[in-house]
Amino acid sequence: MSTPTAASAASHGAPSLRGSRQPLSDRVFRWALFISLTVGVVTLAVLIAYVTIKGWPRLNSTLWTNMPSIRRPERAGAQSAITGTLWVIGFTALFALPTGILAALHLEEFAKPNSRFQRLVEVNIQNLAAVPSIVYGILGLAFFARALALGQSVITASLTLSLLILPIVIISTREALRAVPRNIRDGSLALGATEWQTAYRQTLPAAIPGIATGVILALSRAIGEAAPLLLLGAVTFITFNPTGPLSGYTTLPIQIFNWTKDSREEFQILASATIVLLLVLLLAMNLAAILIRNRTQKRW
Amino acid sequence: MRLAKPSITISALALTALALAACGGGSSGSSDSGLSGQVAIDGSSTVFPLTALAAEDFQVENSGVQVKVGSSGTGGGFEKFCRGETDANDASRPIKDEEAAACAAAGITYGALTVAVDAITVVVNKENTWATCLTTDQLAAIWSPDSVVGSWNEVDPSFPAEPIKLFGPGTDSGTFDYFTDVVNGEEGASRTDFTPSEDDNVIVQGVSGSKGGLGYFGFTYYEENADSLNAVQIDSGSGCVSPSAATAQDGTYTPLSRPLFVYPSVDALARPEVAAFFQFYVDNDASIAEGAQYVPLNDSQRQQLEQDFDALLSKAGAVGASPSAASQ
């Protein structure tokens, strides 16, 4: 927030000019910026207001204490979707975080910079980050669900979502590692630490705030993801909580999708209430990311 | 930097807590019947409400059994069923020859159970005062693959020159197969310039939103939306007949009423949890059909269902090591 103000002040030159009229092009540009900002913010505000008002009657504890129900729409809840989301995201974190962070550590600290292999890997990761999520769904269906015969299970969903967020985890971890000043590594090495000790004891801990922020944002992307799960066959009526990695599951976005498909008004309201729940969950995760960043940010 | 170490611990703790929370939610499975295991069913979105209701009611008494019910369409469901990925398939039409061949190739044996009767309802906009009854020939004229009918007066000169806007189920749906079969004489043969959707709600909104709209879907959806749509009577040669439970059950609402099927796999029925689920389904068929707003079977149809199921169970008993405990 403070950066644009500082930049615009600088572009105006000396403070003594502040009182004078700005050129027309300046004002037009400012308005264009402001309107562009408004489009995004107003859309979000309208969306949140709409679902909150529509879902208000169902925004109570039955949302998480009750299971989905066709027979009693007025008493249906989203418990199986909530626990399903926790299971799927828990396992996604378990697979994607160590893999992604270690891969980034290798690329940033150990791999030979600018070697052919390194460049190939980098191009691949950048491209993978841009692959549409539905493509990961096809991969998951063919490889995890069918070839490995994991079926429609929590583990299939988690592995697929892990692949989806892995490039994001790697890229954000690399950025965080890159922000650690060179002299910390040099200092550690000069004191006799090995490369491994330097990475593990100095570089990685110093980069944790940045990594945590990136990882939380990656996981919140995975939480809202429905397209790959649709392909994995998650569009099912599930009234039980997962009991293990091979159990069937449903997630919040899928449950919302299912309910909006039903013409009964109760389910439309329930879908809105569940959207609010999902939004609150996502906002909480983003808030956590911001807090972690602000609390632990260091300046060198 | 010294700050950073605790945050590793914190994030690890957060993850553990997440995992534990998830576990805690799942381990409340004190099964009342002692049965456990998973039952996977997919198939027709028309039969889905029936099977999902059966699953919901069944799991109240058998919380150890996890029943998952999908709705990827009759055809899509048979594809999974014949790969052995599901234990049973919901179908709004009998299995096709090529699907049967795929199942045979995979060594999957099955039986067909008729669980309820459905009526396809042709719907028009509330403001449509002219089309109260259509003959099957008129329907065919509108929907045939080479149809160029663009407004209502081309269907019948006495109708106004209101443009027709057509809505229908997607080509994956059993309802589409069934409608095209009985109206156009060939399964899948339909004009293509209509708005298709697997989501019946889209059809409801489309037809209720345009004065010249015409669409078709299951009777359930019409009943739920009766205040925003008009149902068209169908004349197949012996007078106009309204779609209703009674006319579907007694077969007078021809040709647009049809039986709905569930195809359980014989191998799966050898598992006690699957057998118990289908026994429950058969025993409570009437209340399930009613709850899902379908037309329940009449008495002779019910007896047929019980006979068919017992025959399947005894086949399954021959396959499985233990004959189903739930069959009595």
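Just so it is clear, the structure is predicted and the values come from calculations on it, not from any experiment. Numbered from 1 within each chain, the chains take letters A, B, ... in sequence-line order.
- Per-residue heavy-atom pair counts under 4.5 Å with chain B were compared for A:Asn258, A:Ile70, A:Thr250, and the maximum is reached by A:Ile70.
- Both the backbone and the side chain of B:Ser287 come within less than 4.5 Å of a heavy atom in chain A.
- Heavy atoms closer than 4.5 Å to chain A are found nowhere in B:Val202, neither backbone nor side chain.
- For the residue pair B:Gln66 and A:Ser247, the shortest heavy atom distance occurs at OE1-OG, 3.1 Å.
- Between A:Thr260 and B:Asn201 the shortest heavy-atom distance is O-ND2, 3.8 Å.
- Looking at A:Leu246, only its backbone comes within 4.5 Å of chain B, counting heavy atoms on both sides.
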Derivation and outcome, side chain to side chain contact (heavy atoms under 4.5 Å, CB included), residues A:Arg146 and B:Arg83 = CA-CA 10 Å; A:Arg146 293 199 166 142; B:Arg83 279 170 175 269; 3.3 Å; yes
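- A distance of 7.5 Å separates CZ in A:Phe237 from CG in B:Leu53, rounded to the nearest 0.5 Å.
- Interface remark: B:Glu85 contributes side-chain atoms only to the contact with chain A (heavy atom separation under 4.5 Å).
- By the neighbour-count criterion of 12 heavy atoms within 6.0 Å, atom NZ of A:Lys54 is densely surrounded, having more than that number from other residues, nucleotides or ligands.
- Residues A:Thr236 and B:Lys68 come closest through the heavy atom pair CB-CB, 4.4 Å.
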key: Test log, rule side chain to side chain contact (heavy atoms under 4.5 Å, CB included), inputs A:Gln152 and B:Lys80   = CA-CA 11 Å; A:Gln152 293 174 26; B:Lys80 292 183 186 173; 4.2 Å; yes
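- In this structure, the portion of B:Asp57 lying under 4.5 Å from any heavy atom of chain A is its side chain and not its backbone.
- Side-chain atoms of A:Ser69 and B:Glu56 form a donor-acceptor pair, as typed in the model, at a separation below 3.5 Å.
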